[in-house]
Amino acid sequence: QKWENMLSIDIQGVRVEAQVVGRSELIDGYLTKLWMQLQQSPVIGIDIKMTWIQLFSFVLCAGTHCLIVQLCHLNRGGGSLYYLGEFLNNKRSCFVGVKIHDKILALNRFSSDLKCETATEVGHLAARVLKKPRLESLGIAELGNEVGINIQAGNSGIQPSSWRAEVFSEEEIKNAI
């Protein structure tokens with residue numbers, strides 16, 4: 001199923017459909033589309049772009065579909081945060097990321113609607129699935145190498161000064177994912 005107004009990009013030979021959304025009235029529709037991707041796998045990649053004082057956006061990826069939600073452009077009082085909270089609080093899904101627990105706490109400070117009880121570190125999930133306990137302590141680049149994917153650790157592609165932007169280049173979106 002194709003997303004409207006999405007960007008189709010190639011990431012290491014895989015076609016990924018990415019959507020950046022920063023308008024409250026569009027969140028529910030895109031979350032519904034992302035939800036449909038979960039029928040293949042209940043695992044959702046999550047990353048949050050933030051500084052010490054402000055959350056800017058977060059990235060949700062399911063299968064080959066990614067949604068970049070620009071929190072800095074959303075109305076905190078709108079229903080969009082409620083729908084995001086419902087999505088994050090789905091007990092049948094597993095949200096994985098790097099330093100995920102700190103990021104989920106920051107998300108909850110941003111809005112009490114945004115809770116996620118099924119978040120886990122990507123290293124922990126990899127160690128359990130691949131039955132290799134040593135993977136739990138590895139960083140994202142080392143985990144990628146373990147499965148044959150070259151990941152540039154520490155490069156979010158979008159610098160903090162640019163996170164408030166309304167438009168991102170294809171390269172910035174690709175690196176953020």
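- By the criterion of side-chain heavy atoms lying less than 4.5 angstrom apart, applied directly or through intervening Ile, Leu, Val, Met, Phe, Trp or Tyr residues, L130 is grouped together with V98 in one hydrophobic cluster.
- The side chain to side chain donor-acceptor pair (under 3.5 Å) search around N90 returns S93, not counting sequence neighbours.
- A donor-acceptor pair under 3.5 Å is absent between the side-chain atoms of E136 and the main chain of P133, judged by distance alone.
- Checked for salt-bridge contact, R134 and E146 meet the test: a charged N lies under 4.0 Å from a carboxylate O.
- For V129, the side chain to side chain contact (heavy atoms under 4.5 Å, CB included) partners are L125, not counting sequence neighbours.
- The shortest side-chain heavy-atom distance between I100 and F95 does not fall under the 4.5 Å cut-off.
- Between M36 and H65 the shortest side-chain heavy-atom distance does not fall below 4.5 Å.
- Between atom CD1 of residue I48 and atom CG of residue L107 there is a gap of 4.5 Å, rounded to the nearest 0.5 Å.
- With rounding to the nearest 0.5 Å, the separation of CD in E86 from CG in L114 is 11.0 Å.
- The closest side-chain heavy-atom distance from L67 to V59 is not below 4.5 Å.
- The distance from atom CZ of R15 to atom OG of S8, rounded to the nearest 0.5 Å, is 4.0 Å.
- Note that OG1 of T118 is 8.5 Å distant from CD1 of I104, once rounded to the nearest 0.5 Å.
- When all heavy atoms are compared, the tightest approach of L88 to K115 is CB-O, 3.4 Å.
- Between I68 and Q19 there is no side-chain heavy-atom pair separated by less than 4.5 Å.
- Pairs engaging residues 89-105 under the salt bridge (charged side-chain N to carboxylate O under 4.0 Å, His left out) rule: D47-K103, K91-E117 [sequence neighbours left out].
- Atom SG of C66 sits about 8.5 Å away from atom CG of L60, to the nearest 0.5 Å.
- With values rounded to the nearest 0.5 angstrom, F87 atom CZ is found 11.0 Å from I27 atom CD1.
- Taking all atoms of both residues into account, the shortest heavy-atom contact from V20 to Q70 is CG1-OE1, 3.5 Å.
- A 4.5 Å side-chain heavy-atom check between C116 and N89 finds every atom pair outside the cut-off.
- Side chains of I44 and V96 form no contact here, defined as non-hydrogen atoms less than 4.5 Å apart.
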